[in-house]
2 protein chains.
Amino acid sequence: MTGTDRQGYYSHAQQGEHEYFDLGGFVLRSGYTLPGAQLAFRTHGTLNANKDNLVLFPHMYSGTPSSLDDYIGPGKPVDTDTYFVVCPGQLGGGMSSSPSNTPPPFDRGQFPFVSIADDVLAQYRLVTEHFGVEQLHAVLGWSMGAQQTYEWAVRFPDMVPRAAAFAGTAKTPVHNQVFIDLHMELLKSDPAFADGFYSDAADVRLGLTRHALAFSLEGFTHEWYRGEHWRGLGFASANDFRQSFIRGYFAPMDPNNLVTQANKWWAGDISPHGGGSLEAALGKITAHFFVVPFGGDNFFPVEDCENEAGHLPHGELRVIDTPAGHFAMFGLQPADVERIAGVMVEMLSSPGYTV
Amino acid sequence: MTGTDRQGYYSHAQQGEHEYFDLGGFVLRSGYTLPGAQLAFRTHGTLNANKDNLVLFPHMYSGTPSSLDDYIGPGKPVDTDTYFVVCPGQLGGGMSSSPSNTPPPFDRGQFPFVSIADDVLAQYRLVTEHFGVEQLHAVLGWSMGAQQTYEWAVRFPDMVPRAAAFAGTAKTPVHNQVFIDLHMELLKSDPAFADGFYSDAADVRLGLTRHALAFSLEGFTHEWYRGEHWRGLGFASANDFRQSFIRGYFAPMDPNNLVTQANKWWAGDISPHGGGSLEAALGKITAHFFVVPFGGDNFFPVEDCENEAGHLPHGELRVIDTPAGHFAMFGLQPADVERIAGVMVEMLSSPGYTV
């Protein structure tokens, strides 16, 4: 249950303490069986006696469970004086079973396709088997965490009375898929990538740098650069910001882990729960569901979020306008953090629905 | 004066008849002298006896003078029953002096940096020396053609009574520069690019394909893909559209020519005419100036265009909303063509100002 410590960027030294839930031979939706699969998770606070205070908070693309720490703690938006917070690691995210830590024949470039549903099914086992919890207090997340939030809410409606999806959609927009194609092309363009069979992730530095360039474009808005909003963060120029923040952020990661997450992101879609209809699938979500697009988000535009919110039986739309665009989730601007926190608190204390 | 016929994609067989103006040893703003420099141009209609009906229409990134043919002709928006239309080729565009047609030591990867001002100064010589014209009727263009339009209007205010800048700005937005960095990284990522010293442009097919991917992302809006607006164009899927239209468009081009144009695009800025102040430079433009952003343009957003228009003494703002975004210039939607044509006609027949 404690699992083995990970190496490098994905080590406990880098990511703080994590626990591991043994999924055994985990059968993915793609039909492959991951032997000895592990689901990493990080917890905050205490599960109460009634087991009704669990808040599930999955992370975004390229993140880890500790990416979310700033929002969680005593007196924080997700208040650990009240809630027991479980932050699961994505399959492929580097902490849970991933290309970077799985032995052959599923190592590196031959790690199988994983879907958002696989993540949610693994998390379901953690919540029910490990913690013995039958109903969550809430689930929330941003970007790919939002995709997982939608999947939870439609797949297990009786378990999800409240939810918040920040900067994410129930179905990945086509324009966003074009972006994913692009940034994957950039990552894989490095000859050192070698179809995923590099011996050291650091050798793929050119691919990781190119990949970062795509995010420094689409992760932010025109206004972010026009208004030089990076200034408050201690950078001397836009290039300084891009080099230190964006390239520095992605540089230590494992390319195959990013590929696994990107493929999952590309395919995000709850429509199968509605027999192929996105509207029908959204209509099955009973949760009190807070849809929180970030204004100017190039990945998950306000328009798509508004449209999806309109099909949720208990949907609440809260648009957060910010020059940071999609990357508002990094908490780069105090005003963004405040508004995000406000919606978290509102959602967590809102009446929940499961019928 | 007739020049030599170009090869391949840049040949008269592909691009129609062009003429060539001999610039001699043309000193670029970067200090390099291009020996035997040639400015390609394509004309439509007839210069009248008063020599006051010349409309200058420079082209966009990756275009050629014939890219503009659809808007020019008898009864067309730029009506050749009235106007004599001159479409100059960009330096580096493949028809004029460019990496693909210049002998050593300025061939291929060692072609010098060219600026928007260099293009305008070359065009000035064509207009004054070759045609003996002292005042244009108007200048117009989109994207990099709009950048050249701004440069003309601020550099030669007495010569430009009317102008229209479609989907372009007087100063390139920083976010747009990030895009240019990205698509250049993609083009150059192909090992066959060989720092610009490939022997055959077709060998750089991987770079050209990756470059096209960047344009299939940023050239269009979310709504273009969300609403499947490519359907009316005879494609079976979004990927079909991207493969046939976007990749097909860029595939035959010369990578070094694209690099030369991209560097010029990146540096587009009329601020030097205002002592470093964009506002002061715009304030020097006396032309009746039509600023025509395309709604949803990811390169030159409406906000930047609105801001610039506000500093023009005789500025007119005409926003054209379209799901095609920046690529509305390709005339993919009849409604766009109609609105673009409307502004062209309005501008050409408007009162002109030079004081």
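To find a chain, count down the sequence lines: A is the first, B the second, and so on, and within it residues start at 1.
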Select all residues of [range] having any heavy atom within less than 4.5 Å of some heavy atom of chain A, and report them by number, or 'none'.
range                       : result
residues 211-241 of chain B : B/L213, B/A214, B/S216, B/L217, B/E218, B/F220, B/T221, B/H222, B/Y225, B/R226, B/A238
residues 266-280 of chain B : none
residues 168-179 of chain B : B/P173, B/V174, B/H175, B/N176, B/V178, B/F179

Legend entry - A/R318, CZ: over 12 other non-hydrogen atoms inside 6.0 angstrom: yes
Inset, instruction - Assess whether atom CG of A/D195 is packed by more than 12 heavy atoms of other residues, nucleotides or ligands within 6.0 Å. - result: no
Inset, instruction - Please flag which part of A/D304 lies under 4.5 Å from any non-hydrogen atom of chain B: side chain, backbone, both or neither. - result: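 Both parts, backbone and side chain.
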Inset, instruction - Under 4.5 Å, heavy atom to heavy atom: which of residues 180-189 of chain A reach chain B? Give them by number, or say none. - result: A/D181, A/L182, A/E185, A/L186, A/S189
